[in-house]
**Q** 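This is the structure I want to talk about, given as structure tokens.
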Amino acid sequence: MSGYSGRGVHGQVVATLGARIVSGELGRGDVIDLSALGRDLDVSMTALREAMKVLAAKGLVEARQKRGTYVRDREHWNLLDSDVIHWRSQAGDTAAVLRDLAEVRAVVEPAVASMAALRRDDEDLAELDAALAEMTDAVGAHAEVAADLRWHRAMLRATHNEMLARMDVFIEPALRLRDALVHEAAADDPVPSHAVVVEAVRRRDPEAAAAAVTSLLDKATQDADGVLGTGHPQEKEAVTE
């Protein structure tokens, strides 16, 4: 979901230029002629300059004296930014985004569940249960995605580690993309697999919690691969999500 979609002229300029850069229509090192771009998009220089500030914050462009505003190398892009993820998906890079997300989650989430099992309190359990109830009652992809994200945020907070709790900032944008894709394809009911994790956390069983999350991630990766028609044969034995 693009953070700037629907926010007037300024938002549309950000979305248009961001998509052009991420798709490669504007390549790395290309100098952006603001005057020509303003005429092309029929927008003021003020709107363009404000858009450039947003794109610079995302690492897509940089302005230098004598050189002007130019497109930065991909290594400088904030690939965790929700708009950048959205533009990558628009450009046909969804499979790569989801692959990277799967690998990050496989590293982080089993450890998070294990830590949550050791540190959770009654308030954490209440929020996890509420998220499961929201999943059960959710109707439609939008509601299902919101419930899933609530569950993940609750699990992160249950670690009582402030830095881990903020991992939702990094994981949520790509997770939202994956969930929307899979839920719209009418994937299997996600509640039972999430409930197993919660029960292990409730029992204060870190090993079982980590194992349950690993199983959940494996299934979710298979769902995404099924929707996208991706996945490499040599990886099928040890797929992660």
**Q** Please say which of Arg202, His160, Arg157 ends up in a side chain to side chain donor-acceptor pair (under 3.5 Å) with Asp124.
**A** His160
**Q** For residues Leu41 and Met45: do they belong to one hydrophobic cluster (side chain heavy atoms under 4.5 Å, members Ile, Leu, Val, Met, Phe, Trp, Tyr)?
**A** yes
**Q** Looking only at heavy atoms, what is the nearest atom pair of Val197 and Ala113, with distance?
**A** CG1-CB, 4.4 Å
**Q** Side chain of Asp33, backbone of Ser35: donor and acceptor closer than 3.5 Å?
**A** yes
**Q** Distance check, rounded to the nearest 0.5 Å: Leu125 atom CG versus Arg120 atom CZ?
**A** 4.5 Å
**Q** Determine the minimum heavy-atom distance between Arg119 and Thr159, stating which atoms define it.
**A** CD-O, 2.9 Å
**Q** Say whether, by atom type as modelled, one donor and one acceptor occur between the side chain of Ser215 and the main chain of Ala212 under 3.5 angstrom.
**A** no
**Q** Answer yes if Leu132 and Val196 sit in the same cluster of Ile, Leu, Val, Met, Phe, Trp and Tyr residues linked by side chain heavy atoms under 4.5 Å apart, and no otherwise.
**A** no
**Q** Between Ala47 and Val43, which heavy-atom pair has the shortest distance, and what is it?
**A** CB-CB, 4.4 Å
**Q** Assess the residue pair Arg64 and Thr69 against the criterion (side-chain contact (heavy atoms from CB on, under 4.5 Å)); give the C-alpha distance rounded to whole Å, side-chain angles, the decisive distance to 0.1 Å, and a yes or no.
**A** CA-CA 6 Å; Arg64 289 186 179 178; Thr69 301; over 6 Å; no
**Q** Any idea which heavy atoms bring Trp87 and Val14 closest together, and the distance?
**A** CZ2-O, 3.6 Å
**Q** Does the ring of Tyr70 carry Arg72 above it, NZ/CZ under 6.0 angstrom from centre and within 45° of its axis?
**A** no
**Q** Could I get the full list of side-chain contact (heavy atoms from CB on, under 4.5 Å) partners for Arg203, not counting sequence neighbours?
**A** Glu199, Ala200, Asp205, Ala208
**Q** Closer than 3.5 angstrom, by distance alone: can the side chain of Ser89 be matched with the main-chain N or O of His86 as a donor-acceptor pair?
**A** no
**Q** Using every non-hydrogen atom in the two residues, find where Ser114 and Pro206 come nearest and quote the distance to one decimal.
**A** OG-CB, 3.1 Å
**Q** Within a radius of less than 6.0 Å around CG of Asp121, do more than 12 heavy atoms belonging to other residues, nucleotides or ligands occur?
**A** yes
**Q** Report, one line per pair, each donor and acceptor closer than 3.5 Å where one atom sits in a side chain of residues 25-32; sequence neighbours left out.
**A**
from, atom 1, to, atom 2, distance (Å)
Asp30, OD2, Gly27, N, 2.7

**Q** Can you see which heavy atom on Met135 is nearest to which on His194, and at what distance?
**A** CE-CD2, 3.4 Å
**Q** Drop me the distance from Leu79's CG to Arg74's CZ, to the nearest 0.5 angstrom.
**A** 5.5 Å
**Q** Could you check whether atom CG of Asp42 has more than 12 heavy atoms from other residues, nucleotides or ligands sitting under 6.0 Å from it?
**A** no
**Q** Report the distance from atom CG of Leu216 to atom CH2 of Trp151, rounding to the nearest 0.5 Å.
**A** 6.0 Å
**Q** Could you tell me whether Arg150 and Glu127 have a side-chain N and a carboxylate O separated by less than 4.0 Å?
**A** yes
**Q** How far does CG of Leu60 sit from CG of Asp83, to the nearest 0.5 angstrom?
**A** 9.0 Å
**Q** Please round to the nearest 0.5 Å and tell me the distance separating atom CD of Glu144 and atom CG of Leu149.
**A** 12.0 Å
**Q** If we only count heavy atoms from C-beta on, is the Asp81 to Ile85 side-chain gap below 4.5 Å?
**A** no
**Q** Test salt bridge (Lys or Arg N to Asp or Glu O under 4.0 Å) on Arg67 and Glu62 and set out the steps.
**A** CA-CA 10 Å; Arg67 181 172 181 179; Glu62 184 172 12; over 6 Å; no
**Q** Check whether any side-chain heavy atom of Arg105 sits under 4.5 Å from a side-chain heavy atom of His152, and report yes or no.
**A** yes
**Q** Hey, does Val13 have a side-chain heavy atom less than 4.5 Å from the side chain of Leu48?
**A** yes
**Q** Does the side chain of Arg88 come within less than 4.5 Å of Thr94's, by heavy atoms?
**A** no
**Q** Compare all side-chain heavy atoms of His10 with those of Val54 and state whether any distance is below 4.5 angstrom.
**A** yes
**Q** At what distance, to the nearest 0.5 angstrom, does CZ of Arg39 lie from CG of Leu34?
**A** 11.0 Å
